[in-house]
Amino acid sequence: MDWSWLIGRLSPEYLPKDPVTLGAAIGMPIAIIGILLAITYFKKWSYIWNEWVTTLDAKKIGIMYMGIAILMLLRGGADALMLRAQTALAQTGIELFNTQTFQEVFTAHGSIMIFFVGMGAMFGLINMALPLMLGARDVAYPFLNSVSFWLFFAGMVIINASLVFGGFSNGGWLGYPPLTGLEYNPGPGVDYWIWALQIAGIGSLLSGINFTVTILKNRAPGMTLMKMPIFAWSVLVAMVLVMLAFPVLTATLGMLALDRVAGMHFFTSDAGGNPMMYINLIWAWGHPEVYILVLPAFGIFSEIVATFARKRLFGYTTMVAALIAIMFLSFVVWQHHFFTMGAGANVNAFFGIMTMIIAIPTGVKLFNWIFTMYKGRTKFTAPMIWFMCFAVTFTIGGVTGVLMAVPALDFQVHNTMFLVAHFHNVIIGGVLFGYFAGIYYWWPKLFGFTLHDGLGKLSAYAWQVGFILAFIPLYILGLMGAARRINTYDDPSWVPLFIVSGVGVGVIGIGAGLMILSMVYSIWKRKKLADTTGDPWDGRTLEWSVPSPAPFYNFAITPTVTRRDEWWYRKKDGVAQPKREDYKDIELPKNTAEGVYIAIATGMIGFGFIWHIWWMVAVALIVVIAFVIRRSFNDDTEYTITADELYQLDRKARA
C-alpha cells in the first residue's frame, strides 16, 4: 500500500549511519529526555509554563534567547573543534569523518554560529537592556516579541533535528546552487537548512520591526533621538538593516525552495535560470547581516567604555553619524564577495573602493573609544577586558578586510584560509566579544548579582590567546595557498600550522568553559555577589536607576529625561525619593501561549515541506492563520496594576 500521501518521503534510509552523526543522533534525544525527566521530578512544569513559556516580559524573553545562544555556541564550537581536528590529523592517516560529513559539519557550524548564536545573543541582549535604557515598560509589541522568539526556537529545533533524522545540508552555510539544487542534493538536508533559516529569519524580521517601533515611539518623555544612549542608536540602525535585508533572504530562500519542490528554475541554468542571481541576492542580505550583528556590539562597547572610564562618551555625534554611514554603506559592498567571478575591472574597482570607505566610520568608532578612555579613571573589570580583547582582534580583522578590498589581492586569497581567518576575526572579535561583554555588564540587572570578575577576565584571556593560536596560522596557510572547505591537504609542511590552529580552538573551548564556570559559580555564590544598590558599576543610563533584578514592570514611575546620561547627572544632583502621589495605575500585557502555538504550527509547515507531507503543510498553515485572526480580535490582552499595588511593589523591590 502506498503511504506516501501520509508520510511523504520519510524513509528508514535517512537514519544516520556515520559514527559522528550517529553519536549525536543518539546523544541529543537522551539529553532531551533527561531534561524532561528532571523537570518532572522537581515538579517544575507549572513554573516553566507560567513564568517562561507564556511570558511576554521582554527581559525573560531575552534570557531565553541568550540561553539558546549559549547552548548553540557549545554546539557550534564542537563542530569547529571537529573541523580543525580533522585538518590537523588527516595526513597522519586518522580521519574523523569522510568528505560528505566534513561538508555537513562545516555547513552546520556556519549556519548555527550566525543564525542561532550571533542573532540569538543580539536579540537576547536587546530584549534585556533596550526597554530599560529607553525608560520604557516594555517593547512596543510584546506579543509579537513572543512570536519572534518562538519562531527562532522553532528554527533552532529544525536545524538540530536534521542530526537525528535526514542529515544536514552539505552545500555550505550560504547554500550556493547548483550545490543545493535537486541534481546534486536530492535528499532532505538542504530543505532542513532552508526551513530552519526561513522560519528563524521571519522571527528576526518581526523583531526588527518591533525594536524599531520601540525606539521611535516608546522612549521616556524628554528623550529625543540625540539624548538616547548610543546602544539604542546602534540597535536602531541594525534593525533598519534587518527590515531591509531579511525580506531579501526570505525571498531568496523561498525561490530556492520552489526550485526544489515545484520544479521552478530561478537558480538553475535550465529554462532561463541563473545561479549567479542567487549569489547576488544572498550576499545582498549577507553583507548587511555582518553589520546587523556587529553594530549592537559596537553600542555595547560604547556604554561599557563610558561607564568604566567614568567619562562621557567622546564624540557622541560622530558616533551616531558613523553608525548611519555604516548602515548605508553596508548595502554597496556586497560584490566584494565575488571579485573572482568575472564581473569586470570597473565593477571590481567600485566595490573595492566602497569596501575601503566603510572602514573609515568603523575606525572613527575605535578612536572615539580610545579618546573616551584618555585621562579617564578606567576600571578594568571583566567587561572592559572583553573590550580590550576586541580592540586587538577586530583591528586585525579590519586591516585584513581592507587588504582583501584590493581585487588583485582578493583574487589570490579569496578561496583560501586567509578569508576564513579574516571572517572569524570580525565575527568573533567584534560580535561575540561584544555580546560576552554585554552579558557580564548587564547580568546583575537581570539576576540581582554580578558574575565572578576574575573568572570573567580569565575567560576573556583564554578566548584571546586561543583566537590568536587558532587564526593567525590560517592567515599564513591562506597566503601559502591552502584552500578552504577541504577536509585534507597533501602538503606535509602545512601540518604544524593546522595543529597549532586546532590547539587554538581547544584553548577557545577552555575560555567558553571558564565562562560557563563563572555563571555556575556566581549562581552558587549569588548572596555574596548580590547587587544591593541596583547600580553596581556606577552606571550612566536609566537601567541602573531601577532595583536589581529589574522588576517585571521595569519602571514604577516613568522617568523624564532632560539630558544625555540622565542617571549619571541625577546622581550628581541628588536622587529625589518618589512620593506616594507620583505612582499611577499602569497596564501590562497578559501572558499567553498563542506565540508558542503559532511557532509549533510554523515548524510543522517547515517539516511538511522538508518531507513533502503536503496535508501537514495545509493543516498547519490554517492553524497559523486561525491563531493570528484569534489574537487580532482578542481585546482582553492586558491587566492593570493599581497605584497602591505599584507603590508597595516598588517599596519592596527597593528595600
Side-chain angles (χ1 to χ4, degrees), residues 66-67 69-85 109-110 112-114 116-118 120-122 124-125 290 293-294 296-298 300-301 304-305 308 366 369 380-400 420-443 450-475 499-522:
M66 189 58 69
I70 292 172
L71 188 64
M72 290 297 98
L73 175 65
L74 299 177
R75 159 75 207 277
D79 289 341
L81 188 59
M82 288 192 291
L83 293 173
R84 291 285 71 85
H109 169 71
I112 285 171
M113 295 299 279
I114 293 295
F116 299 100
V117 177
M122 178 186 75
L125 286 168
V290 173
L293 291 172
V294 83
F298 287 170
I300 292 167
F301 287 131
I304 286 171
V305 171
F308 292 110
L366 191 60
W369 293 320
F380 288 96
T381 58
M384 270 302 292
I385 296 300
W386 280 110
F387 166 75
M388 300 301 290
C389 293
F390 150 82
V392 175
T393 55
F394 192 80
T395 300
I396 296 171
V399 170
T400 55
V420 175
H422 157 71
F423 183 77
H424 285 81
N425 254 130
V426 174
I427 295 299
I428 293 179
V431 176
L432 284 187
F433 283 13
Y435 295 155
F436 293 160
I439 290 171
Y440 278 86
Y441 183 60
W442 281 309
W443 183 280
T450 58
L451 287 174
H452 190 275
D453 198 62
L455 288 171
K457 292 176 182 177
L458 285 175
S459 175
Y461 294 140
W463 273 86
Q464 178 78 322
V465 171
F467 187 89
I468 292 169
L469 290 173
F471 295 106
I472 296 301
L474 296 190
Y475 280 120
I499 291 173
V500 172
S501 180
V503 170
V505 175
V507 176
I508 290 174
I510 293 172
L514 286 168
M515 181 179 294
I516 302 298
L517 178 62
S518 74
M519 294 177 183
V520 173
Y521 178 83
S522 301

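No experiment lies behind these values; they were computed from the predicted model shown.
Listed here is the closest heavy atom pair of Ile508 and Gly466: CG1-C, 3.6 Å. Phe467 approaches Thr393 most closely through the heavy-atom pair CD2-CG2, 3.8 Å. Taking both residues in full, the closest heavy atoms of Ala470 and Val505 are given as CB-N, 3.9 Å, listed atom of the first, atom of the second, then distance. In this structure, Gly511 and Trp463 approach most closely via the heavy-atom pair C-NE1, 3.3 Å. Contact detail for Ala437 and Trp386: the closest heavy-atom pair is CB-CB, 3.7 Å. Of all heavy-atom pairs between Ala297 and Gly434, the closest is CB-CA, 4.0 Å.
Annotation: the span from Met384 atom CE to Tyr440 atom OH amounts to 16.0 Å, rounded to 0.5 Å. Between Ile304 atom CD1 and Trp369 atom CH2 the span is 10.5 Å, to the nearest 0.5 Å. Atom CD1 of Ile439 and atom CE of Met66 lie 4.0 Å apart (nearest 0.5 Å). Separating the CD1 atom in Ile510 from the CG atom in Leu517 is a distance of 12.5 Å, to the nearest 0.5 Å. The distance from the CH2 atom of Trp443 to the OG1 atom of Thr450 is 10.5 Å, given to the nearest 0.5 Å. The distance from the OG atom of Ser501 to the CG atom of Leu474 is 4.0 Å, given to the nearest 0.5 Å.
Legend: side chain to side chain donor-acceptor pair (under 3.5 Å) pairs involving residues 422-435, not counting sequence neighbours, sorted by first then second residue: Thr400-His422, Asn425-Tyr475.
Ring centers of Phe298 and Phe394: under 6.0 Å apart, within the cut-off.
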Evaluate Met515 against Ile70 for side-chain contact (heavy atoms from CB on, under 4.5 Å), listing each step before the verdict.
CA-CA 10 Å; Met515 181 179 294; Ile70 292 172; 5.7 Å; no
Run Ile300 and Trp442 through side-chain contact (heavy atoms from CB on, under 4.5 Å) and show every step you take.
CA-CA 10 Å; Ile300 292 167; Trp442 281 309; 3.8 Å; yes
Run the side-chain contact (heavy atoms from CB on, under 4.5 Å) test on Tyr441 and Phe308 for me, step by step, so that the C-alpha distance in whole Å, both residues' side-chain angles and the decisive distance to 0.1 Å come before the verdict.
CA-CA 10 Å; Tyr441 183 60; Phe308 292 110; 3.9 Å; yes
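No side-chain heavy atom of Val392 sits less than 4.5 Å from a side-chain heavy atom of Ile468. Counting heavy atoms from C-beta outward, Phe436 and Phe390 have side chains that stay 4.5 Å or more apart. Residues Val117 and Val431 are not in side-chain contact: their nearest non-hydrogen atoms beyond the backbone lie 4.5 Å or more apart. Looking only at side-chain heavy atoms (C-beta outward), Phe116 and Arg75 stay at 4.5 Å or farther from each other.
When the side-chain contact (heavy atoms from CB on, under 4.5 Å) test is applied to Tyr521, the partners found at least two apart in sequence or on another chain are His452, Leu455, Trp524, Lys525.
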